[in-house]
Protein chains: 2
Amino acid sequence: MYSIGELSKRTKVKVPTIRYYEEMGLLPEAERTSGNQRRYDKAGLERLSFIRHARDLGFSIEAISSLIDLQDHPDRSCEAATDIATSQLEEVRAKIKRLRALEKELSRISKGCNGEGVSGDCYVLASLADHNLCDREH
Amino acid sequence: MYSIGELSKRTKVKVPTIRYYEEMGLLPEAERTSGNQRRYDKAGLERLSFIRHARDLGFSIEAISSLIDLQDHPDRSCEAATDIATSQLEEVRAKIKRLRALEKELSRISKGCNGEGVSGDCYVLASLADHNLCDREH
DNA sequence: CTTGAATCTCTAGTCACTAGAGACATTACA
DNA sequence: TGTAATGTCTCTAGTGACTAGAGATTCAAG
């Protein structure tokens with residue numbers, strides 16, 4: 001049995017975050033010692049690792065809840081899990097696309113100015129003030 | 001003079017968001033009609049456009065505050081503005097890098113499963129449960 | 001002058017945590 | 001067994017950048 005601190009070390013999820021996950025229903029209510037401290041077994045460790053991994057991949061708490069539901073009912077269709085992963089992938093791709101456009105403009109903006117001179121003539125500020133200076137829509 | 005609603009239409013910033021920006025000090029306190037409604041002039045429109053543009057580029061409210069300070073004091077060095085833009089660019093690049101890794105893993109995960117069958121054997125769930133199935137660290 | 005849309009302020013909610021206070025539990029060592 | 005240090009408990013409140021809703025007031029058009 002692990003204390004919440006040990007679990008935290010093993011999963012790299014901070015202690016208050018573990019309690020938060022319990023409150024949100026991602027983790028079942030933990031067993032307690034006579035002194036009211038949480039104790040976890042291997043199943044708890046595995047579930048928290050699952051959550052951690054999914055959070056790292058950008059899944060929302062809600063999405064993870066659905067995935068856990070599916071885990072807890074192995075007779076249900078797998079399609080739902082694939083749907084969740086696929087829509088997550090789409091979101092990630094959209095974010096990348098958007099960030100690439102930003103990167104392009106930001107690099108143009110910060111290259112345009114040599115950092116010398118006064119801000120009254122600053123190309124960075126001018127670029128931000130006037131959208132027409134942008135190469136493209138964003 | 002524009003009402004808050006007109007300003008909202010022109011800048012595509014929602015009305016409550018404009019009020020929020022005023023409260024946060026990004027916009028100066030607007031003039032008011034005798035009936036206490038906000039009225040904006042061209043300067044207000046321009047400043048809000050600046051804010052909108054910078055937010056689109058992912059600058060935080062705090063960073064925008066600093067940029068506005070620089071705008072309001074055109075005698076100050078331009079270096080600070082360039083620093084802010086450059087660090088924003090670095091953040092964007094770091095995000096892209098991370099998202100690319102996620103994309104790779106998510107696409108592997110969601111391709112691995114054909115969506116048929118039951119979730120007891122689902123590859124998506126297995127992948128999320130077991131970090132060792134990942135190709136690489138993330 | 002009336003009607004309906006726009007605006008006002010205020011509070012509270014969102015997401016996924018994070019921080020801090022003050023009390024209690026456990027563990028390590030003498 | 002005593003004690004000190006560390007860990008854990010619950011609770012409230014804060015973060016960033018808004019968003020939603022209530023209930024009251026004001027504006028513009030006909």
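In what follows, every chain begins at residue 1, and chains take the letters A, B, ... in the order their sequences are listed. Keep in mind that the numbers below use all heavy atoms, side chains included, and drop hydrogens, waters and symmetry copies.
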Among the nucleotides [options], which one has an atom lying closest to any side-chain atom of [X]?
{"X": "B/Arg39", "options": "C/dT18, D/dT8, D/dA28", "result": "D/dA28"}
{"X": "B/Asn36", "options": "C/dA16, C/dT9, D/dA17", "result": "C/dT9"}
{"X": "B/Gln37", "options": "D/dC27, C/dC17, C/dT9", "result": "D/dC27"}
{"X": "B/Arg38", "options": "D/dA17, D/dT10, C/dC8", "result": "C/dC8"}

Would you say [X] places a side-chain N or O within less than 4.0 Å of OP1 or OP2 belonging to [N]?
{"X": "A/Ser34", "N": "C/dA25", "answer": "no"}
{"X": "A/Ser3", "N": "C/dT26", "answer": "no"}
{"X": "A/Tyr21", "N": "C/dC17", "answer": "yes"}
{"X": "B/Lys14", "N": "D/dT19", "answer": "yes"}
{"X": "B/Arg19", "N": "C/dC8", "answer": "yes"}

Verify salt bridge (Lys or Arg N to Asp or Glu O under 4.0 Å) between B/Arg93 and A/Glu103, making sure each step is shown before the conclusion. CA-CA 7 Å; B/Arg93 287 193 171 139; A/Glu103 187 199 1; 2.8 Å; yes

Figure out the [atom1]/[atom2] separation between [X] and [N], and round it to whole Å.
{"X": "A/Glu23", "N": "C/dC15", "atom1": "CD", "atom2": "P", "answer": "14 Å"}
{"X": "B/Glu6", "N": "D/dA28", "atom1": "CD", "atom2": "C1'", "answer": "11 Å"}
{"X": "B/Leu48", "N": "D/dC18", "atom1": "CG", "atom2": "P", "answer": "11 Å"}
{"X": "B/Ile61", "N": "D/dT15", "atom1": "CD1", "atom2": "C1'", "answer": "13 Å"}
{"X": "A/Ile18", "N": "D/dG7", "atom1": "CD1", "atom2": "P", "answer": "14 Å"}
{"X": "A/Met24", "N": "C/dA16", "atom1": "CE", "atom2": "C1'", "answer": "9 Å"}
{"X": "B/Glu62", "N": "D/dC18", "atom1": "CD", "atom2": "P", "answer": "14 Å"}
{"X": "B/Glu29", "N": "C/dT9", "atom1": "CD", "atom2": "P", "answer": "10 Å"}

Assign each of A/Tyr20 and A/Thr33 the nucleotide of DNA chain C bearing its closest heavy atom; nearer the 5' end lies the nucleotide of A/Tyr20

Quick one: on DNA chain C, does B/Arg32 or A/Thr17 contact a more 5' nucleotide (nearest heavy atom)? B/Arg32

Identify whether A/Met1 and A/Leu45 are in the same connected component of the hydrophobic contact network (ILVMFWY, side-chain heavy atoms under 4.5 Å).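 Each belongs to a different hydrophobic cluster.
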
Please collect all side chain to side chain donor-acceptor pair (under 3.5 Å) contacts where either partner lies in residues 2-13 of chain A, sequence neighbours excluded, each pair once.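 Counting only pairs at least two positions apart or across chains, the side chain to side chain donor-acceptor pair (under 3.5 Å) contacts touching residues 2-13 of chain A are A/Ser3-A/Glu6.
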
A/Glu22 bridged to A/Arg38 by N-O distance under 4.0 Å: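 So A/Glu22 pairs with A/Arg38 through a salt bridge.
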
Do the charged groups of A/Arg47 and A/Asp41 touch, with an N to O distance under 4.0 Å?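 Salt bridge between A/Arg47 and A/Asp41, a charged N being under 4.0 Å from a carboxylate O: no.
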
